[in-house]
Amino acid sequence: MKRVVWLFLMGSLQACAPQISTSVNKLYPPLAEHDVVVVFDENESYDSTLAERIGEVNVLEGSLSLGCSFDDVKNLARNQARILGANALKIYEHKYPNVLSTCHRIRAIALRFKDLAPYEKEISWHPDRLLQWKNFKGRIREASTALAETRCSIVVLPKVKAGWKIRVDPEVYTYFNAEFSWVRPEGKNNLVLQHEQLHFDIAELFARKLRKAYEGKIKDMRSWNLYGEKLYWELIKEYERFQDEYDRDIYADATRQPGWTAKVRAEMAALSRYAIN
């Protein structure tokens with residue numbers, strides 16, 4: 001029941017967004033904000049017999065475009081795909097930044113799978129989206145004595161908003177990394193799954209703590225440069241201690257799991273203002 005957590009800081013400054021265009025072959029209801037949209041890069045394949053093509057999403061360069069790194073562009077395309085009711089995108093053209101453009105630009109086919117689970121790489125934290133064993137797709141780490149390991153990421157995107165005064169609003173997200181989380185066959189029971197779910201919930205708890213910390217400190221580029229990474233790494237140290245304490249306590253006595261679940265739920269509720277979904 002041990003966990004391994006990946007935590008990293010990711011930065012992107014966004015003022016004027018790239019332009020987005022779409023075409024639709026068939027209309028579906030929009031997806032929820034927390035629904036996964038898988039992006040297949042140019043060199044990745046999928047079983048086309050399992051997916052329906054419902055349109056296209058193109059992210060091109062707009063005037064004065066910033067915030068158009070490859071990750072930014074893919075996230076913009078994901079948001080548009082959700083509006084179309086698509087749960088996957090297949091990039092078939094990717095133009096890289098060059099002397100004429102500072103942006104990544106993509107053209108992608110919008111797809112709808114009946115069952116997306118085999119292709120999911122990460123899951124955004126949401127109270128209505130609980131982990132299932134089919135989400136643990138990583139290779140078992142044989143050197144570990146654990147029954148399962150959960151890997152999560154806390155990702156920070158500092159968004160710049162232009163106006164009469166430049167403002168920086170950091171956005172903090174929590175993800176479960178399916179490709180690097182794993183479970184042994186003998187570990188597939190509800191007790192172990194509850195334990196792993198709480199590791200994911202703890203990551204969201206500390207994401208909320210970070211959002212709260214940023215709210216009081218980060219206002220502009222100067223304050224971001226002063227406090228952005230500093231607050232992040234201070235919180236990560238506390239986060240690691242909390243996760244380690246949780247594991248040690250449950251290893252010593254698994255009957256303490258309900259108490260830990262109640263404790264984390266109560267702390268999350270106290271920070272409900274800082275939830276983003």
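- Scanning for side-chain contact (heavy atoms from CB on, under 4.5 Å) contacts around L130 gives Q197, with sequence neighbours left out.
- Side-chain atoms of N177 do not come within 3.5 Å of backbone N or O of E179 as any donor-acceptor pair.
- Of the inter-residue distances, the one linking I54 atom CD1 with E52 atom CD reads 7.0 Å to the nearest 0.5 angstrom.
- Residues R105 and V73 have side chains not in contact (no heavy-atom distance under 4.5 Å, counting atoms from C-beta outward).
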In sequence, state the C-alpha distance, the side-chain angles, and the governing distance for F206 and T174, and then conclude on side-chain contact (heavy atoms from CB on, under 4.5 Å). CA-CA 9 Å; F206 278 81; T174 310; over 6 Å; no
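- Taking 4.5 Å as the limit, some side-chain heavy atom of R167 sits within range of a side-chain heavy atom of K219.
- The number of heavy atoms from other shown groups lying within 6.0 Å of NZ (K209) is above 12.
- Here the side chain of K90 pairs a donor or acceptor atom with the backbone of D41 at under 3.5 angstrom.
- In this structure, the ring pair (Phe, Tyr, Trp, His ring centres under 6.0 Å) partners of Y246, at least two apart in sequence or on a different chain, are H195, H199, W260.
- The two residues G187 and W133 come nearest to each other via the heavy atoms O-CZ2, 3.4 Å.
- With hydrogens and angles ignored, the 3.5 Å screen pairs no side-chain donor or acceptor of R53 with any backbone N or O of I109.
- Contact check for Y214 versus Y227: no side-chain heavy atoms found under the 4.5 Å cut-off.
- The shortest heavy-atom contact between I123 and L131 is CD1-CD2, 4.3 Å.
- Note: Y173 OH to L157 CG = 6.0 Å, rounded to the nearest 0.5 Å.
- Judged as a side-chain hydrogen bond (donor to acceptor under 3.5 Å, both in side chains), and not counting sequence neighbours, the contacts of E267 are K263.
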T261 and Q194: side-chain hydrogen bond (donor to acceptor under 3.5 Å, both in side chains), yes or no, with the steps? CA-CA 9 Å; T261 300; Q194 289 170 15; 5.9 Å; no
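- The salt bridge (Lys or Arg N to Asp or Glu O under 4.0 Å) search around E245 returns none, not counting sequence neighbours.
- Through direct or relayed side-chain contacts under 4.5 Å between Ile, Leu, Val, Met, Phe, Trp and Tyr, I83 connects to no other residue.
- Interatomic distance, N87 CG to L31 CG, rounded to the nearest 0.5 Å: 6.5 Å.
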Any chance you could lay out the side-chain contact (heavy atoms from CB on, under 4.5 Å) test for Q257 and L198, step after step, and finish with the verdict? CA-CA 9 Å; Q257 184 68 49; L198 200 64; 3.7 Å; yes
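- In this structure, R184 contributes its side chain and A146 its backbone to a donor-acceptor pair below 3.5 Å.
- Salt bridge status for K217 with E234: absent, with no side-chain N to carboxylate O gap under 4.0 Å.
- In terms of heavy-atom proximity, E204 sits nearest to R211 at OE2-NH1, 3.2 Å.
- Applying the salt bridge (Lys or Arg N to Asp or Glu O under 4.0 Å) criterion to E42, with sequence neighbours excluded, gives no partner residue.
- Here the closest non-hydrogen pair linking H104 and S69 is CD2-C, 3.7 Å.
- Annotation: side-chain hydrogen bond (donor to acceptor under 3.5 Å, both in side chains) contacts of S181 (sequence neighbours excluded): none.
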Evaluate the criterion side-chain contact (heavy atoms from CB on, under 4.5 Å) for residue pair V38 and F40; output intermediate values, then yes/no. CA-CA 7 Å; V38 170; F40 298 99; 4.0 Å; yes
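- In this structure, the side chains of L50 and D115 stay at 4.5 Å or more apart for every pair of heavy atoms.
- Separating the CG atom in D244 from the OH atom in Y239 is a distance of 10.0 Å, to the nearest 0.5 Å.
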In sequence, state the C-alpha distance, the side-chain angles, and the governing distance for I91 and F70, and then conclude on side-chain contact (heavy atoms from CB on, under 4.5 Å). CA-CA 12 Å; I91 297 175; F70 192 34; 3.9 Å; yes
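- Checked by atom type and distance alone, the side chain of R129 never pairs as donor or acceptor with a backbone atom of S124 at under 3.5 Å.
- Using a 4.5 Å cut-off between side-chain heavy atoms of Ile, Leu, Val, Met, Phe, Trp and Tyr, W182 falls into a hydrophobic cluster with I140.
- The two residues L84 and A110 come nearest to each other via the heavy atoms CD1-CB, 4.3 Å.
- Ring centroid separation for the pair F176 and F136 comes in under the 6.0 Å cut-off.
- Looking only at side-chain heavy atoms (C-beta outward), E120 and K137 come within less than 4.5 Å of each other.
- Evaluation of the ring pair (Phe, Tyr, Trp, His ring centres under 6.0 Å) rule for Y28 yields no partner, not counting sequence neighbours.
- Under 4.0 Å is where a charged nitrogen must lie from a carboxylate oxygen, and between R151 and E122 no such pair does.
- The structure places OH of Y96 at 11.0 Å from CD1 of I106, a figure rounded to the nearest 0.5 Å.
- Judged by distance alone, with hydrogens and angles left aside, the side-chain atoms of N189 form a donor-acceptor pair with the main-chain N or O of V192 at under 3.5 Å.
- Q132 meets the side-chain hydrogen bond (donor to acceptor under 3.5 Å, both in side chains) test with no other residue; sequence neighbours excluded.
- The residues R265 and D201 are annotated as salt-bridged, a charged nitrogen and a carboxylate oxygen being separated by less than 4.0 angstrom.
- The neighbour count for K121 NZ, taken as heavy atoms of other residues, nucleotides or ligands under 6.0 Å away, is above 12.
- Between V172 and A207, the closest heavy-atom pair is CG1-CB, 3.8 Å.
- Formation of a donor-acceptor pair under 3.5 Å by the R78 side chain with backbone atoms of V39 is not found in this model.
- Under the ring pair (Phe, Tyr, Trp, His ring centres under 6.0 Å) criterion, F113 pairs with Y46, Y119, sequence neighbours left out.
- Partners of D253 according to the salt bridge (Lys or Arg N to Asp or Glu O under 4.0 Å) rule, which considers only residues two or more places apart in sequence or in another chain, are R256.
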